[in-house]
Amino acid sequence: MYAVEVRDHVMIAHSFRGELFGPAQGLHGATFVVDVAFFRESLTPDGVVVDIGRASEALKAILAPLNYRNLDDLPDFSGQNTTTEFLCGHIHAAMAAATRAGDLGPGGEGVSRLRVTLHESHLARAWFEAPPA
């Protein structure tokens, strides 16, 4: 299995509902380092998994509506605890759609799995991994 990974970051604010979250129930900020890995069984005729430049641009476009935003105010997240795990799934769904739409250029059609990892600190991270279908 071959893979290539791109990285960006996003700065957000949010709050959580529920006693489980203790002090995180209050509004707080987070800066996530976001990694997206693209997997395929074989390389393209050009010798790549996907075009890294196009993958980076797709990730930047996916993160832009979230950056410097209070996620509690976004209609798409209404009533949702925007946990690290939840955000991994959200970003995965958007990147899967970009992959299916051809936004990664030649090679994107051969991606068999995507992994989205959010690093919330040097001590903790979460990820979601699934086919882009």
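Since the structure is predicted, the reported quantities are computational estimates derived from the model, not experimental observations.
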Subject >> Straight-line distance of L63 CG to D8 CG, nearest 0.5 Å >> reply: 5.5 Å
Original post:
Can you tell me how far the CZ atom of F128 sits from the CG atom of L114, to the nearest 0.5 Å?
Top reply: 10.0 Å
Original post:
Do L59 and W127 sit in the same hydrophobic cluster, where Ile, Leu, Val, Met, Phe, Trp and Tyr count as joined when their side-chain heavy atoms come under 4.5 Å apart?
Top reply: no
**OP:** Identify the two heavy atoms, one from N67 and one from M11, that lie closest to each other, and give their separation to 0.1 Å.
**Re:** OD1-N, 2.8 Å
Original post:
Taking the six-membered ring for Trp, are F38 and Y2 ring centroids under 6.0 Å apart?
Top reply: no
**OP:** Taking all heavy atoms of V6 and all of A55, pick out the closest pair and write down the distance.
**Re:** CG1-CB, 3.9 Å
Original post:
Is E120 salt-bridged to R125, cutoff N-O under 4.0 Å?
Top reply: no
**OP:** Output yes when a side-chain donor or acceptor of H9 lies under 3.5 Å from a complementary backbone atom of T31, and no otherwise.
**Re:** no
**OP:** Keeping the roles fixed (side chain from D51, backbone from G53), state whether a donor-acceptor pair exists under 3.5 Å.
**Re:** yes
Original post:
Is it true that a side-chain atom of R69 and a backbone atom of A13 form a donor plus acceptor pair closer than 3.5 Å?
Top reply: no
Subject >> Which atom of V116 lies closest to which atom of I91, heavy atoms considered >> reply: CG1-CG2, 3.8 Å
Original post:
How long is the span from the OG atom in S15 to the NE2 atom in H28, to the nearest 0.5 Å?
Top reply: 7.5 Å
**OP:** Locate the shortest heavy-atom distance separating L87 from T82; write the atom from each residue and the value.
**Re:** CD1-O, 3.7 Å
Original post:
How many angstroms lie between CD in Q80 and CG in D72, if you round to the nearest 0.5 Å?
Top reply: 11.0 Å
Subject >> V4 vs V48 side-chain heavy atoms within contact, under 4.5 Å >> reply: no
Original post:
How long is the gap from CE on M1 to CZ on F39, to the nearest 0.5 Å?
Top reply: 7.5 Å
Original post:
Got N70 and I12 here, is their nearest side-chain heavy-atom distance under 4.5 Å?
Top reply: no
**OP:** On the 0 to 90° scale, with breaks at 30° and 60°, tag the H14-F32 ring pair as parallel, tilted or perpendicular.
**Re:** perpendicular
**OP:** Calculate, to the nearest 0.5 Å, the distance between atoms CG and NE2 belonging to L118 and H92 respectively.
**Re:** 12.5 Å
**OP:** Using the side-chain contact (heavy atoms from CB on, under 4.5 Å) rule, take L66 and H90 through it: C-alpha gap first, then chi angles, then the decisive distance, then the call.
**Re:** CA-CA 11 Å; L66 309 179; H90 171 78; 4.3 Å; yes
Original post:
How far apart are the closest heavy atoms of A126 and E85, and which atoms are they?
Top reply: CB-CG, 4.0 Å
Subject >> For the student: nearest non-hydrogen atoms of N81 and R17, plus distance >> reply: OD1-N, 2.8 Å
Original post:
Is the shortest heavy-atom distance from the side chain of R7 to the side chain of H119 under 4.5 Å?
Top reply: yes
Original post:
Aromatic rings F21 and F16: how do their planes relate, parallel, tilted or perpendicular, breaks at 30° and 60°?
Top reply: tilted
Original post:
Counting only heavy atoms not in L43, do more than 12 sit closer than 6.0 Å to its CG atom?
Top reply: yes
